[in-house]
Amino acid sequence: MKVEIVIPDWLEKLNNIAKSFKSDEDKMDFVIEIARINVENGGGPFGAAIFDIDTGRVLSCGSNLVLQNNLSVLHAEIVAIILAQKRVKSYSLSKIGKFELFSSSEPCAMCLGAILWSGVKRVLWGAPSEAARKIGFDEGPVFESSWIYLKSKGIEIKGGLLKDKATEVLMSYKELKGIIYNP
């Protein structure tokens with residue numbers, strides 16, 4: 001058996017840009033735009049990207065591809081991690097360099113596990129999980145101890161960056177009557 005993940009053309013193009021970002025705000029703006037474009041193209045309201053910590057260069061971009069691929073695990077963070085690891089040909093990004101994951105929304109329970117195993121050293125998100133729950137998504141059992149555990153493993157955590165702008169994407173998805181695929 002072979003499993004194939006279809007990446008939309010627009011996301012494929014973003015994964016081939018040679019661009020660096022200087023500030024955390026610029027990086028977050030970028031992933032919020034990924035989420036917005038994904039909604040415009042019939043996908044879920046979530047975007048993510050992995051950047052090289054030292055250079056700010058984009059390693060990979062991910063959008064929520066659950067609906068497009070009929071695979072519940074294809075959250076934006078997971079897609080960004082998969083594409084990054086395939087690009088550098090390593091199951092652990094920490095073996096290659098120092099990388100950070102930016103997500104338009106606070107990662108869910110599943111994505112926290114993937115973050116731990118991915119080798120990223122820093123995680124930043126925009127909209128809090130309450131914003132995703134408010135429109136109907138169930139983010140699973142994420143506890144404060146989950147974040148403490150990641151921190152104890154050397155992963156820096158920062159939430160709420162550009163949260164109002166990130167929350168707008170979630171609200172627009174609700175207004176467009178987007179599918180809530182884990183009610």
Side-chain angles (χ1 to χ4, degrees), residues 14 20-39 43-66 73-84 93-94 98-174 178 180-182:
L14 284 179
S20 293
F21 294 85
K22 292 183 180 181
S23 72
D24 287 349
E25 289 78 11
D26 289 342
K27 293 171 192 172
M28 187 58 70
D29 258 339
F30 181 67
V31 300
I32 292 169
E33 185 61 19
I34 292 170
R36 188 179 321 283
I37 293 169
N38 201 44
V39 170
F46 306 99
I50 295 178
F51 301 89
D52 182 293
I53 288 176
D54 294 327
T55 66
R57 188 178 174 114
V58 177
L59 177 63
S60 68
C61 302
S63 65
N64 183 288
L65 300 178
V66 170
V73 298
L74 290 184
H75 291 196
E77 298 93 335
I78 302 290
V79 172
I81 291 167
I82 289 170
L83 295 175
L93 296 174
S94 65
K98 293 187 334 188
F99 297 95
E100 57 192 355
L101 171 72
F102 279 67
S103 178
S104 63
S105 191
E106 185 174 345
C108 72
M110 175 184 68
C111 292
L112 287 181
I115 287 166
L116 174 65
W117 285 80
S118 72
V120 298
K121 295 297 176 193
R122 190 169 183 241
V123 177
L124 291 89
W125 72 85
S129 60
E130 294 83 28
R133 280 195 295 277
K134 186 175 180 180
I135 69 165
F137 285 100
D138 181 353
E139 299 305 292
V142 175
F143 306 105
E144 183 60 30
S145 59
S146 303
W147 295 112
I148 292 168
Y149 187 81
L150 290 179
K151 288 176 186 176
S152 77
K153 295 298 181 179
I155 300 171
E156 181 185 334
I157 308 292
K158 182 178 180 184
L161 184 62
L162 302 181
K163 69 179 180 177
D164 293 338
K165 188 172 185 178
T167 299
E168 285 175 19
V169 176
L170 295 170
M171 297 312 292
S172 71
Y173 187 74
K174 181 179 181 180
I180 305 299
Y181 39 83
N182 66 345

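In what follows, residues are counted from 1 in the order of the sequence shown. Keep in mind that this is a model prediction, so the values were computed, not measured.
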Quiz item: When the aromatic ring centroids of Phe102 and Phe30 are compared, is their separation below 6.0 Å?
Solution: no
Exercise. Taking the six-membered ring for Trp and the single ring otherwise, decide whether the centroids of Phe137 and Phe46 are under 6.0 Å apart.
Key: yes
Identify the heavy atoms of [X] and [Y] that sit nearest to each other, and give their distance.
{"X": "Ala80", "Y": "Leu101", "answer": "CB-CD1, 4.4 Å"}
{"X": "Val39", "Y": "Val169", "answer": "CG2-CG1, 4.2 Å"}
{"X": "Gly62", "Y": "Val79", "answer": "CA-CG1, 3.8 Å"}
{"X": "Cys61", "Y": "Ile34", "answer": "CB-CD1, 3.9 Å"}
{"X": "Leu59", "Y": "Ala84", "answer": "CD2-CB, 3.5 Å"}
{"X": "Glu139", "Y": "Ser129", "answer": "CG-CB, 4.0 Å"}

- Verify, without hydrogens or angle tests, whether Asn38 (side chain) and Gly44 (backbone) share a donor-acceptor contact under 3.5 angstrom. yes
Before you tell me yes or no, could you show the steps for Trp147 and Val142 under side-chain contact (heavy atoms from CB on, under 4.5 Å), namely the whole-Å CA-CA distance, both residues' side-chain angles and the distance that decides it to 0.1 Å? CA-CA 8 Å; Trp147 295 112; Val142 175; 3.5 Å; yes
I'd like to know if Glu168 pairs up with Lys165 as an ion pair, taking the criterion as any Lys NZ or Arg NE/NH1/NH2 lying under 4.0 Å from an Asp or Glu carboxylate oxygen. no
Interatomic spacing from [atom1] in [X] to [atom2] in [Y] - rounded to 0.5 Å:
{"X": "Lys163", "Y": "Glu106", "atom1": "NZ", "atom2": "CD", "result": "11.5 Å"}
{"X": "Ile53", "Y": "Leu93", "atom1": "CD1", "atom2": "CG", "result": "10.5 Å"}
{"X": "Met28", "Y": "Leu162", "atom1": "CE", "atom2": "CG", "result": "6.5 Å"}
{"X": "Ser23", "Y": "Asp29", "atom1": "OG", "atom2": "CG", "result": "8.0 Å"}
{"X": "Arg36", "Y": "Leu170", "atom1": "CZ", "atom2": "CG", "result": "10.5 Å"}
{"X": "Lys121", "Y": "Glu100", "atom1": "NZ", "atom2": "CD", "result": "13.0 Å"}

Within the structure provided, determine whether [X] and [Y] are in side-chain contact (heavy-atom separation under 4.5 Å).
{"X": "Asp52", "Y": "Ser20", "answer": "no"}
{"X": "Leu150", "Y": "Val123", "answer": "no"}
{"X": "Phe143", "Y": "Ile148", "answer": "no"}
{"X": "Ser63", "Y": "Ile37", "answer": "no"}

Which is it for His75 and Asn64 under the side-chain contact (heavy atoms from CB on, under 4.5 Å) test, yes or no, and what are the steps along the way? CA-CA 5 Å; His75 291 196; Asn64 183 288; 4.1 Å; yes
- With Glu77, the side-chain hydrogen bond (donor to acceptor under 3.5 Å, both in side chains) member among Ser105, Ser104, Ser103, Ser118: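 Of all the options given, the one that passes is Ser103.
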Original post:
Are Arg122 and Asp24 close enough, and set up right, to give a side-chain contact (heavy atoms from CB on, under 4.5 Å), and what steps lead you there?
Top reply: CA-CA 11 Å; Arg122 190 169 183 241; Asp24 287 349; 2.6 Å; yes
Between Ile78 and Met110, does the side-chain contact (heavy atoms from CB on, under 4.5 Å) criterion hold? Intermediate values first, please. CA-CA 9 Å; Ile78 302 290; Met110 175 184 68; 4.0 Å; yes
